[in-house]
Amino acid sequence: MVQVCNKGMDFVLESVDAITQVHPHLKQIGQLAAIFDSQVSEHQIPILSGGGSGHEPAHFGYVGQGMLTAAISGPIFVPPCAADILEVIRFLNRGKGVFVIVKNFEADLREFSQAIYAARAEGIPVKYVVSHDDISVETSNFRLRHRGVAGTVLLHKIVGQAAYQGATLDELEALGLAVATSMATLGFATKPATILGDDHPMFQLEPGNISFGIGIHGEPGYRTVPFESSEILVNELINKLKLKLKWQDGEAFVLLVNNLGATSKMEELIFTNDVLNFLALDDLKIVFAKTGHLITSLDMAGLSITLCRLQDKKWLQYLQAPTDAFGW
């Protein structure tokens with residue numbers, strides 16, 4: 001049985017008020033912490049994503065032409081309730097069904113899956129993809145965490161543009177799976193996140209230290225070391241991404257460098273330059289690169305690298321297509 005939840009939602013609803021006033025084509029769905037693109041064509045399959053808040057501009061910032069049709073948020077780092085997600089799915093459905101992008105966290109999977117099963121029981125065609133790009137490891141058993149992190153934004157853009165161009169629900173499912181299994185993300189923090197109104201950090205990290213493999217919900221990483229240089233940071237991250245993706249010289253890749261919230265733009269660009277220089281050593285073709293605040297963790301200072309193998313040239317066209325989503 002799905003439950004209605006509304007605790008800790010004041011910040012989120014105030015954000016919705018601001019977004020819909022600054023971007024008039026974005027409208028609130030009822031009284032929910034959810035927005036939709038009022039200009040979207042009724043002939044395309046609507047794309048829905050969301051999760052806990054605290055990751056701005058995700059996910060509201062990716063609602064727009066050629067990206068998400070709608071997004072729904074819960075409290076900070078807590079997903080929306082299944083009942084609210086179901087209400088949004090009903091709202092979006094125009095007879096052709098709805099495609100949903102879910103980040104791989106236990107609570108997100110629970111709430112979104114309940115909503116998807118309930119919608120299907122009502123006769124609404126719903127398909128989905130789970131973003132699981134994080135290759136950080138558990139410190140207890142060294143298993144990959146597979147959390148949905150910055151690479152989720154690539155799914156928003158590639159799948160969203162395919163929907164805009166008329167892809168069917170089955171085609172979106174196949175595309176989402178192909179993209180989700182072609183990418184990997186790994187990041188680090190120089191300062192942990194703090195929850196709004198609380199001065200206590202979410203994990204302990206002494207000044208001057210680096211935590212490798214942190215999570216976007218403020219989770220600590222798998223290893224803490226003193227900071228030495230940007231090049232050394234990049235070397236560890238790139239080597240682990242290469243072990244996962246097993247690339248060959250000359251392959252084409254998409255690159256995202258994600259600012260987790262409080263890192264300066266100059267530091268972000270210095271880091272990006274080092275990333276590009278390291279990738280050039282392997283003669284990788286970076287056909288598309290993007291840096292900035294993509295999926296943040298409140299005020300965490302840190303950066304992450306996402307690499308996605310370009311399996312299909314259409315993906316590049318989808319990434320380069322214009323969008324009015326303000327977060328992109």
Side-chain angles (χ1 to χ4, degrees), residues 1-4 26-30 32-51 58-60 62-74 79-132 148 151-182 311-312 314-315 318 321 323 325:
M1 184 70 178
V2 294
Q3 297 179 350
V4 176
L26 302 179
K27 306 294 185 183
Q28 185 175 6
I29 299 176
L32 301 175
I35 63 171
F36 75 102
D37 180 6
S38 64
Q39 298 175 344
V40 71
S41 169
E42 292 195 358
H43 299 293
Q44 78 164 66
I45 302 294
I47 311 294
L48 169 65
S49 191
H59 294 276
F60 292 149
Y62 302 121
V63 176
Q65 175 186 306
M67 291 195 77
L68 301 178
T69 310
I72 180 169
S73 279
C81 289
D84 292 348
I85 299 168
L86 176 59
E87 188 172 338
V88 174
I89 291 173
R90 289 171 178 153
F91 175 86
L92 293 175
N93 180 45
R94 296 295 184 270
K96 295 183 177 181
V98 177
F99 190 79
V100 184
I101 299 171
V102 187
K103 298 193 303 301
N104 189 29
F105 292 96
E106 182 179 355
D108 291 60
L109 292 175
R110 181 185 64 245
E111 300 301 329
F112 276 90
S113 62
Q114 285 183 31
I116 289 169
Y117 294 147
R120 287 173 173 172
E122 294 178 5
I124 302 173
V126 182
K127 294 201 171 183
Y128 65 93
V129 66
V130 176
S131 176
H132 59 277
T152 310
V153 181
L154 291 177
L155 284 166
H156 294 346
K157 187 67 175 72
I158 294 172
V159 174
Q161 182 63 27
Y164 178 72
Q165 294 183 197
T168 66
L169 197 55
D170 287 341
E171 289 170 339
L172 294 176
E173 180 183 45
L175 175 60
L177 180 60
V179 174
T181 54
S182 298
Q311 303 278 24
D312 189 326
K314 285 184 179 179
W315 298 4
Y318 295 156
T323 178

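The residues of the chain are indexed from 1 along the displayed sequence.
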When the side chains of residues 42-49 are checked against the rest of the protein, which donor-acceptor pairs come out under 3.5 Å, sequence neighbours left out?
from  : atom 1 : to     : atom 2 : distance (Å)
Ser49 : OG     : Ile101 : O      : 2.8

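Checked against side-chain hydrogen bond (donor to acceptor under 3.5 Å, both in side chains), Lys127 has the following partners two or more places apart in sequence or in another chain: Asp170, Glu173. In this structure Gln39 satisfies the side-chain hydrogen bond (donor to acceptor under 3.5 Å, both in side chains) test with no other residue, sequence neighbours excluded. Among residues two or more places apart in sequence or in another chain, the side-chain hydrogen bond (donor to acceptor under 3.5 Å, both in side chains) test is passed with Thr323 by none. Shown here are the side-chain hydrogen bond (donor to acceptor under 3.5 Å, both in side chains) partners of Ser131, two or more places apart in sequence or in another chain: Asp133, Thr152.
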**OP:** Please test Ser41 against Tyr164 for side chain to side chain contact (heavy atoms under 4.5 Å, CB included), starting from the C-alpha separation and ending with a verdict.
**Re:** CA-CA 8 Å; Ser41 169; Tyr164 178 72; over 6 Å; no

**OP:** Please test Asp37 against Met67 for side chain to side chain contact (heavy atoms under 4.5 Å, CB included), starting from the C-alpha separation and ending with a verdict.
**Re:** CA-CA 10 Å; Asp37 180 6; Met67 291 195 77; over 6 Å; no

Original post:
Run the side chain to side chain contact (heavy atoms under 4.5 Å, CB included) check on Arg90 and Glu122 step by step: do they pass?
Top reply: CA-CA 9 Å; Arg90 289 171 178 153; Glu122 294 178 5; 2.5 Å; yes

Original post:
Can you check side chain to side chain contact (heavy atoms under 4.5 Å, CB included) on Phe60 and Leu68, steps first, answer last?
Top reply: CA-CA 9 Å; Phe60 292 149; Leu68 301 178; over 6 Å; no

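Interatomic distance, CZ of Arg110 versus CD of Gln114, reported as 7.0 Å (0.5 Å rounding). Considering CG of Leu32 and OG of Ser73, their distance stands at 11.5 Å, rounded to 0.5 Å. How far OG1 of Thr69 is from CD1 of Ile35: 11.5 Å, rounded to the nearest 0.5 Å. Distance CD1/Ile116 to CD1/Ile124: 11.5 Å, rounded to 0.5 Å.
The shortest non-hydrogen separation linking Ala162 to Leu175 is CB-CD2, 3.4 Å. Here the closest heavy-atom approach between residue Ala70 and residue Val63 is recorded as C-CG2, 3.9 Å. The nearest pair of heavy atoms linking Asp108 to Gly51 is OD2-CA, 3.6 Å. Nearest heavy-atom pair across Val129 and Leu177 is CG2-N, 3.9 Å. Nearest heavy atom pair, residue Lys27 against residue Ser38, reads CG-CB, 3.8 Å. Nearest heavy-atom pair, Val126 versus Ala119, reported as atom, atom and distance to 0.1 Å: CG2-CB, 3.8 Å.
For the ring pair (Phe, Tyr, Trp, His ring centres under 6.0 Å) condition, the pairs that include at least one residue of residues 80-122, sequence neighbours left out, are Phe36-Phe91, Phe105-His217.
The backbone N or O of Ala82 sits less than 3.5 Å from a side-chain atom of Glu111, completing a donor-acceptor pair. Side chain of Lys157 to main chain of Tyr318: a donor-acceptor pair is present (N/O by atom type, distance under 3.5 Å, no hydrogens or angles). His156 places no side-chain N or O within donor-acceptor distance of the main-chain N or O of Leu154, the cut-off being under 3.5 Å. With hydrogens and angles ignored, the 3.5 Å screen pairs a side-chain donor or acceptor of Glu171 with a backbone N or O of Thr168.
Shown are Leu109, Leu155, Ile85; of these, the side-chain contact (heavy atoms from CB on, under 4.5 Å) with Val102 is made only by Leu109.
Ile72 places none of its side-chain heavy atoms less than 4.5 Å from the side chain of His59.
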